[in-house]
Amino acid sequence: QVQLVESGGGLVQAGGSLRLSCAALGRTMNTYAMAWFHQAPGKTREFVATISATGGSTYYADSVKGRFTISRDNAKNTVYLQMNNLKPEDTAVYYCAAGKLGWGPYEYDFWGQGTQVTVSS
């Protein structure tokens, strides 16, 4: 069992930056792909970014390419999401997930509780 704990969310103005962190507790995460999803009110959970177990491959949703960067530090059992040039439409709860490399929520077996990101215009 992997417990994931997100942090780093908050309120930021459009054009600003935030860095989300996700710490894996109870078990090493270095055998799992890690991903970030987000879910806005009234919408389904959507893929944001994923990174392979070794960190050698990363994939992004088109809406965040060039603005967000996913990275991981397996020694610290932590994955990050650096979010730059934030837009109001990025407002959502952001979830960290661990599982197989993929774009769908069904690829991931373990989920964090989520952290709120709010971008004001």
Side-chain angles (χ1 to χ4, degrees):
Q1 189 77 9
V2 178
Q3 182 182 359
L4 302 174
V5 180
E6 301 100 333
S7 61
L11 173 64
V12 64
Q13 288 188 329
S17 298
L18 283 175
R19 188 194 196 201
L20 305 183
S21 298
C22 172
L25 309 177
R27 182 174 175 177
T28 181
M29 69 176 198
N30 62 8
T31 60
Y32 295 100
M34 301 295 294
W36 290 94
F37 287 77
H38 67 197
Q39 187 167 14
K43 295 189 175 182
T44 59
R45 194 166 296 189
E46 297 179 340
F47 169 76
V48 174
T50 189
I51 186 167
S52 61
T54 63
S57 298
T58 57
Y59 302 92
Y60 297 91
D62 287 344
S63 60
V64 307
K65 281 180 183 176
R67 300 189 298 122
F68 290 11
T69 302
I70 189 171
S71 62
R72 65 191 296 161
D73 185 339
N74 285 345
K76 295 183 178 179
N77 239 18
T78 302
V79 64
Y80 305 97
L81 185 69
Q82 177 67 44
M83 305 186 294
N84 297 329
N85 190 22
L86 282 159
K87 303 176 181 181
E89 51 264 42
D90 295 319
T91 295
V93 177
Y94 282 72
Y95 296 91
C96 174
K100 298 178 182 179
L101 192 66
W103 287 261
Y106 51 85
E107 305 280 5
Y108 297 89
D109 300 313
F110 305 104
W111 293 84
Q113 81 289 349
T115 185
Q116 176 70 46
V117 171
T118 303
V119 184
S120 64
S121 57

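- Legend: disulfide (SG to SG under 2.5 Å) pairs involving residues 87-121, not counting sequence neighbours, sorted by first then second residue: C22-C96.
- Note on residues 50-59: pairs passing side chain to side chain donor-acceptor pair (under 3.5 Å), not counting sequence neighbours, are T50-Y108.
- Both V12 and W36 sit in one connected hydrophobic cluster of ILVMFWY residues. Membership requires side-chain heavy atoms under 4.5 Å apart, directly or through other members.
- Grouping Ile, Leu, Val, Met, Phe, Trp and Tyr residues whose side-chain heavy atoms lie under 4.5 Å apart, directly or via other members, leaves L11 alone, with no other cluster members.
- F110 and Y95 fall into different hydrophobic clusters, where Ile, Leu, Val, Met, Phe, Trp and Tyr are joined by side-chain heavy atoms under 4.5 Å apart, directly or via other members.
- Closest heavy-atom contact between V2 and Y32: CG2-CE1, 3.7 Å.
- A distance of 9.0 Å separates NE2 in H38 from OG1 in T44, rounded to the nearest 0.5 Å.
- Through side-chain heavy atoms spaced under 4.5 Å, either directly or across other Ile, Leu, Val, Met, Phe, Trp or Tyr residues, Y106 is tied to no other residue.
- Residues that satisfy the salt bridge (charged side-chain N to carboxylate O under 4.0 Å, His left out) test with R27, not counting sequence neighbours, are absent from this structure.
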- Message: Please determine whether ring pair (Phe, Tyr, Trp, His ring centres under 6.0 Å) holds for the pair W111 and F37, giving the CA-CA distance in whole Å, both sets of side-chain angles, and the decisive distance to 0.1 Å.
- Response: CA-CA 10 Å; W111 293 84; F37 287 77; 5.1 Å; yes

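- Salt bridge status for D90 with R67: present, with a side-chain N to carboxylate O gap under 4.0 Å.
- Judged by the 6.0 Å distance and 45° axis criteria, R19 is positioned over the aromatic ring of Y80.
- Between the side chain of N77 and the backbone N or O of A23, no donor-acceptor pair lies under 3.5 Å.
- For the pair M34/L4, a side-chain contact is recorded, criterion being any heavy-atom separation below 4.5 Å from C-beta on.
- For E6 (side chain) and Q113 (main-chain N/O), a donor-acceptor pair under 3.5 Å exists by modelled atom type.
- Residues I70 and Y60 share a closest heavy-atom pair of N-OH, 2.9 Å.
- Proximity of V93 to T115: side-chain heavy atoms (C-beta onward) are nowhere separated by under 4.5 Å.
- A tilted orientation is assigned to the rings of F68 and Y94, their planes being inclined by 30° to 60°.
- At distances below 3.5 Å, at least one donor-acceptor pair connects side-chain atoms of N74 with backbone N or O atoms of A53.
- Taken to the nearest 0.5 Å, the CG atom of L20 stands 3.5 Å off from the CE atom of M83.
- Other members of the cluster containing V5 are L25, with ILVMFWY side chains joined at under 4.5 Å, either directly or via other members.
- Using a 4.0 Å cut-off between charged side-chain N and carboxylate O, K65 and D62 make a salt bridge.
- Heavy-atom minimum distance, P88 versus S121: CG-CB, 3.9 Å.
- In the model, S17 has a side-chain atom that pairs as donor or acceptor with a side-chain atom of N84 under 3.5 Å.
- Of all the heavy atoms in T78 and S21, the pair that sits closest is CG2-CB, 4.3 Å.
- Closest approach of A24 and M29 over heavy atoms only: CB-CB, 3.9 Å.
- Proximity of a side-chain donor or acceptor of T91 to a complementary backbone N or O of V119 within less than 3.5 Å is detected.
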- Check the pair V79 / I51 against side-chain contact (heavy atoms from CB on, under 4.5 Å), numbers first and verdict last. CA-CA 9 Å; V79 64; I51 186 167; 4.2 Å; yes

